[in-house]
J.: 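A single structure is presented below for examination.
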Number of protein chains: 2
Amino acid sequence: MGTTQLDQQQPEPKHRHLKTVLTAALDTEFSVGQALPNERELAARFGVARATLRQALDQLELEGRLQRRRGVGTTVAPPRVGVDVSPRHHTWPGGPGDAWVTTDCAPAAPPAAVARLLEVPARTPVEVVRRSLVAQGQTVAEEHLYVPPAALPPADGPGAPHGAERGHGVLRRLRRLEPGGQDRAVELGSATAEQARLLDRLPGSPVLVVTTRYLAAGRPVAAAVATYRADTCRLTFGDEPAHPSGAD
Amino acid sequence: MGTTQLDQQQPEPKHRHLKTVLTAALDTEFSVGQALPNERELAARFGVARATLRQALDQLELEGRLQRRRGVGTTVAPPRVGVDVSPRHHTWPGGPGDAWVTTDCAPAAPPAAVARLLEVPARTPVEVVRRSLVAQGQTVAEEHLYVPPAALPPADGPGAPHGAERGHGVLRRLRRLEPGGQDRAVELGSATAEQARLLDRLPGSPVLVVTTRYLAAGRPVAAAVATYRADTCRLTFGDEPAHPSGAD
DNA sequence: CAGTGGTCTAGACCACACC
DNA sequence: GTGTGGTCTAGACCACTGA
């Protein structure tokens, strides 16, 4: 990062040029995990206001090139983690090979958009199973799985009133049904305060929101809203495996 | 939007509270396409600096709630467009039902990451087909399709030196091969200057980058890097159709 | 405690769209 | 022209981390 001054000729915004310069420096002069100089130092070095420098850093963080932590500093981020989110016809959440960890479960009314997906009336309480996904030592995603109890076979016992144990019961009941397909959507969102806490980010951080609808006998029986850290995750949709089914 | 002042009690940042208030206002007091007051007016109304207001607007725009256009103003955005990006085993790009429009084609060396995907040496020139996707009157995505000519059957004629016609020729040759599967990845990126121009956004705008690798006979024969406007698009992955194959 | 990134201000000027 | 959002400055203070 020998550059100490910008000499700008194009009518290109400074922050964009700055981003270009920093990208080149990251590619050539820094290694993963290495700390950058602090923002005041960098701004001075490039002869811009700190706010302008921050515009460039914001983008590099969005692109997963940098990792910033308040009170700590800015470091070069490792490459994004690939997370497989292929729809699998023949499996339910919580089946074999599912790396998600159930953390909690309690009945609650789903958001309006989820109620529509599930084709249940608004404000109908459903089971809400909360799960999280850890990859490479970091929580990379958080999920709310909404399951209307009416669609499930009866429980084989009294069941826990709440907590992970209740969630396991819901998933067990779900797996007794014959899977009837899934559909999925991915869009950009921003983390709520609670999601931010779980994902170790600030509220409002960009996230990839994956909405999945699970069908059985042609009817929606569950809907999942999974929130992935956009800075550290790459969602992969591999081809269907060669064997048609491995989890009945 | 009767609120004229914030009365903040929590140690919650102003811009976040502002975003909450604005979200509620958008839900209840505005309709799609309606213009908001300008930024100076809004900032004054809420008693904050314009930069603070802009932090809130930036997030709402990221979430696809607002649309801002320099020199024009800020309006309430319509719901995101769903775009189907399901991997389809049995089809090539440019096949039936493909809504993409080929705009140009010329040989060029692919980016290093694409060369790795294609398993060709770096700096090997390949055919680069450029296509774009229009939905609801708006260009929502832009694609570069990289095809090493060595993997293709020979052309049935001299072919155009460049332009859409050359692209059609490449896609025709590709379709003579037997499709052997695809894999896909989705991640967050930011628009280059050129992509921004095509998508009618500013450079650096958030985009969803979909990378697809096409296989034939177990070998990669093409790779596509498609860039979708993150503000206006929701990528959908429907289930595979019930019939195992309909395009051979 | 000192040092970091996060928030916020009150201005200024620029680029662009529309009249 | 006028009015809009986009960029930029030079400060200030806050929240958090780790020694």
Side-chain angles (χ1 to χ4, degrees), chain A residues 5-6 8-20 22 34-62 66-77 190-191 193 196-197 200-206 231, chain B residues 5-6 8-20 22 34-62 66-77 190-191 193 196-197 200-206 231:
Chain A
Q5 287 291 320
L6 308 167
Q8 195 167 356
Q9 39 203 16
Q10 252 88 329
E12 186 188 40
K14 283 187 185 176
H15 70 85
R16 192 157 28 198
H17 185 229
L18 209 41
K19 184 194 156 198
T20 309
L22 287 168
Q34 189 175 349
L36 266 65
N38 72 54
E39 298 184 350
R40 290 160 180 88
E41 161 72 21
L42 278 177
R45 194 180 299 193
F46 288 109
V48 300
R50 192 176 153 220
T52 304
L53 173 79
R54 279 179 60 81
Q55 284 186 71
L57 295 184
D58 284 347
Q59 269 213 338
L60 290 169
E61 192 181 22
L62 192 83
L66 294 180
Q67 209 163 339
R68 292 195 282 183
R69 300 184 61 126
R70 164 152 53 174
V72 180
T74 302
T75 55
V76 180
S190 55
R197 190 173 44 75
D200 189 28
R201 301 261 54 205
L202 288 179
S205 302
D231 57 341
Chain B
Q5 287 292 319
L6 307 168
Q8 196 168 355
Q9 40 203 16
Q10 252 88 329
E12 186 188 39
K14 284 187 185 178
H15 70 84
R16 196 170 331 153
H17 183 229
L18 209 42
K19 183 193 159 199
T20 309
L22 287 168
Q34 189 175 350
L36 265 64
N38 72 53
E39 297 185 352
R40 290 160 180 89
E41 161 72 20
L42 278 177
R45 196 180 298 193
F46 288 108
V48 300
R50 191 175 152 219
T52 305
L53 173 78
R54 279 179 60 82
Q55 283 186 72
L57 295 184
D58 284 346
Q59 268 211 342
L60 290 170
E61 191 181 24
L62 192 83
L66 293 180
Q67 211 163 338
R68 291 196 281 184
R69 301 186 60 131
R70 167 154 46 176
V72 179
T74 302
T75 55
V76 180
S190 54
R197 191 172 44 73
D200 188 28
R201 301 261 53 204
L202 289 179
S205 302
D231 57 341

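In what follows, chains are A, B, ... by sequence order, proteins preceding strands, each numbered from 1. All of these numbers come straight from a predicted model, not from anything done at the bench.
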J.: Rounded to whole Å, how long is the line connecting atom CD of Q55(B) with atom C1' of dG6(C)?
T.: 9 Å
J.: Nearest whole Å is fine: how far is dC16(D) C1' from D200(A) CG?
T.: 12 Å
J.: Using heavy-atom distances to pick each residue's nearest nucleotide on DNA chain D, tell me which of R69(A) and R68(B) is more 5'.
T.: R68(B)
J.: Using whole Å, what does the distance between atom P of nucleotide dT4(C) and atom CG of L66(A) come to?
T.: 16 Å
J.: In whole Å, what is the span from the CZ atom of R16(B) to the P atom of dC14(D)?
T.: 17 Å
J.: Distances under 3.5 Å between protein N/O atoms and the N/O atoms of nucleotides 12-16 of chain C, please, pair by pair.
T.:
{"unit_1": "dA15(C)", "atom_1": "O4'", "unit_2": "R70(B)", "atom_2": "NH1", "d": "3.3"}

J.: Can you find a side chain N or O atom of N38(B) that sits less than 4.0 Å from OP1 or OP2 on dG3(D)?
T.: no
J.: Could you say whether G73(A) or A51(A) is positioned toward the 5' end of DNA chain C, judged by the nucleotide with the nearest heavy atom to each?
T.: G73(A)
J.: Is there a donor-acceptor pair closer than 3.5 Å between any side-chain N or O of Q59(B) and the backbone N or O of S190(A)?
T.: no
J.: Under the side-chain contact (heavy atoms from CB on, under 4.5 Å) test, which residues partner L202(B), sequence neighbours left out?
T.: R70(B), S205(B)
J.: Can you list the residues that meet the side-chain contact (heavy atoms from CB on, under 4.5 Å) rule with R197(B), with sequence neighbours excluded?
T.: E194(B)
J.: Just how far, in rounded Å, is P of dT4(D) from CD of E41(B)?
T.: 9 Å
J.: Hey, is the side chain of T52(A) poking within less than 4.0 Å of OP1 or OP2 on dT7(D), counting only N and O atoms?
T.: no
J.: Please give, in whole Å, the distance from dG6(D) P to D58(B) CG?
T.: 8 Å
J.: Q59(B) has an atom CD; how far is it from atom P of dG6(C), in whole Å?
T.: 13 Å
J.: Answer yes or no: does a side-chain N or O of T74(A) lie under 4.0 Å from OP1 or OP2 of dT4(C)?
T.: no
J.: Nearest of dC8(D), dG6(D), dT7(C) to any side-chain atom of L202(B)?
T.: dG6(D)
J.: Among all residues two or more places apart in sequence or in another chain, which pass the salt bridge (Lys or Arg N to Asp or Glu O under 4.0 Å) test with R68(B)?
T.: E39(B), D58(B), E61(B)
J.: So, using side-chain contact (heavy atoms from CB on, under 4.5 Å) as the criterion, who are the partners of T20(A) when residues are at least two apart?
T.: none
J.: Measuring from atom OG1 of T74(A) to atom CG of L36(A), what distance do you get when rounded to the nearest 0.5 angstrom?
T.: 6.0 Å
J.: Once you round it to whole Å, what is the distance between C1' of dT9(D) and NZ of K14(A)?
T.: 9 Å
J.: For R69(B), what residues pass the salt bridge (Lys or Arg N to Asp or Glu O under 4.0 Å) criterion, not counting sequence neighbours?
T.: D200(B)
J.: Report the nucleotide, chosen from dG6(C), dT9(D), dT7(D), that has the shortest atom-to-atom distance to any side-chain atom of A49(A).
T.: dT9(D)
J.: What's L57(B) touching, base or sugar-phosphate or nothing? Going by heavy atoms closer than 4.0 Å.
T.: nothing
